[in-house]
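Within every chain, numbering begins at 1; the chains are lettered A, B, ... in the order of the sequence lines, protein sequences first and strands thereafter.
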2 protein chains.
Amino acid sequence: MLDIVKEEPGIGVGALASSFDVSRIAVMKHLTVLEGANLIVSEKDGRTRRLYFNAAPIQMIHDRWTTDYSAYWAGQLTRIKYLAEAREEQNKTKKGKSKND
Amino acid sequence: MLDIVKEEPGIGVGALASSFDVSRIAVMKHLTVLEGANLIVSEKDGRTRRLYFNAAPIQMIHDRWTTDYSAYWAGQLTRIKYLAEAREEQNKTKKGKSKND
DNA sequence: TCGACATGTAACTAATAGGTTACATATAAA
DNA sequence: TTTATATGTAACCTATTAGTTACATGTCGA
């Protein structure tokens with residue numbers, strides 16, 4: 001839904017709904033959630049409600065969770081990398097024989 | 001929940017649950033959702049399951065929705081993500097039943 | 001003014017989420 | 001070996017969501 005709204009800024013509710021197999025009302029319910037999260041903002045243009053993608057909340061979440069990004073991120077990637085390597089090690093061990101731990 | 005896990009990398013499930021008014025099982029249900037989204041990754045340490053915050057999905061969403069994806073970064077993150085997912089998948093499989101592949 | 005178009009609201013049903021308690025299993029400590 | 005600790009699973013109940021159809025309201029075009 002966000003893909004479509006981003007690709008076609010100003011698209012109407014009905015036009016957006018036509019891209020899905022569910023009813024227009026179902027799409028409107030999803031829209032309400034996305035508007036509540038400020039990911040989509042709208043403005044009335046006659047009888048059409050025009051929809052626009054809003055990246056601000058994603059930017060805010062990114063800023064919040066990646067503050068001190070370089071240092072933290074490097075550490076996190078390293079940790080995940082080690083977890084993955086440990087998994088591969090264990091995988092080799094299990095294939096060799098029945099698990100013994 | 002993410003705040004706590006980020007502040008205390010390696011925290012156990014029970015310790016995390018003690019910060020909330022709901023039961024440990026309720027917290028575990030939320031954890032399952034966060035792990036499914038790869039926002040939290042875990043590793044077993046004896047009888048304790050240690051939890052770690054993973055900013056990668058947020059970075060990926062940010063990259064997707066706010067800038068063009070850099071080929072290098074996408075490849076790097078995706079590779080590590082798949083490794084972590086594979087580890088989690090195996091972890092689930094081991095705990096779910098005695099799968100012997 | 002009337003018909004067409006676009007959207008909004010209400011009421012309903014089915015499915016899912018959220019939380020609980022009880023019990024089981026694995027691991028560490030005594 | 002036994003007890004304690006940490007976690008996982010199952011079954012249950014309640015609240016909320018997801019989707020539907022029908023109808024209402026607002027705006028534009030003829």
When you measure from the side chain of A:Thr48 to the backbone N and O of A:Lys44, does any donor-acceptor pair fall under 3.5 Å? no
Looking only at atom types and distance, does a side-chain atom of A:Asn54 sit under 3.5 Å from a main-chain N or O of A:Ile40, one as donor and one as acceptor? no
Begin from the C-alpha positions of A:Leu16 and A:Leu31 and carry the test side-chain contact (heavy atoms from CB on, under 4.5 Å) through to its verdict. CA-CA 10 Å; A:Leu16 176 64; A:Leu31 264 180; 4.0 Å; yes
[X] has an atom [atom1]; how far is it from atom [atom2] of [N], in whole Å?
X	N	atom1	atom2	answer
B:Lys29	D:dT7	NZ	C1'	15 Å
A:Met1	D:dA18	CE	P	11 Å
B:Asp21	C:dG18	CG	C1'	14 Å
A:Met28	D:dA22	CE	C1'	14 Å

Check the orientation of A:His62 and B:His62. Use parallel for under 30°, tilted for 30 to 60°, and perpendicular for over 60°. parallel
At how many degrees, to 10°, do the end axes of the helix from C:dT1-D:dA30 to C:dA30-D:dT1 meet when each uses five pairs? 30°
Do A:Tyr52 and A:Glu43 make a side-chain contact, defined as non-hydrogen atoms from C-beta onward lying under 4.5 Å apart? yes
Beyond-backbone contact of A:Lys6 with B:Trp65, side-chain heavy atoms, under 4.5 angstrom: yes
If the cut-off is 4.0 Å, is B:Ser23 near the phosphate of C:dT20, judged by side-chain N/O to OP1 or OP2? yes
N or O in side chain of B:His30 less than 4.0 angstrom from C:dG19 OP1/OP2: yes
Kindly state each residue pair satisfying salt bridge (Lys or Arg N to Asp or Glu O under 4.0 Å) with at least one member in residues 28-42 of chain A, sequence neighbours excluded. A:Glu35-A:Arg49
Spell out, yes or no, whether A:Val33 and B:Val33 are grouped together once hydrophobic residues are joined by side-chain heavy atoms under 4.5 Å, including indirect joins. no
dist B:Leu2:CG -> B:Ile58:CD1 (nearest 0.5 Å) comes out at 6.5 Å
State which of C:dT20, C:dT7, D:dT20 makes the closest approach to the side chain of B:Ile25. C:dT20
Could you check which residues of residues 36-50 of chain A get a heavy atom under 4.0 Å from DNA chain D? Sort them by number, please. A:Gly46, A:Arg47
Has the side chain of A:Arg24 got a donor or acceptor that lies under 3.5 Å from a partner of the other kind on the base of C:dG8? yes
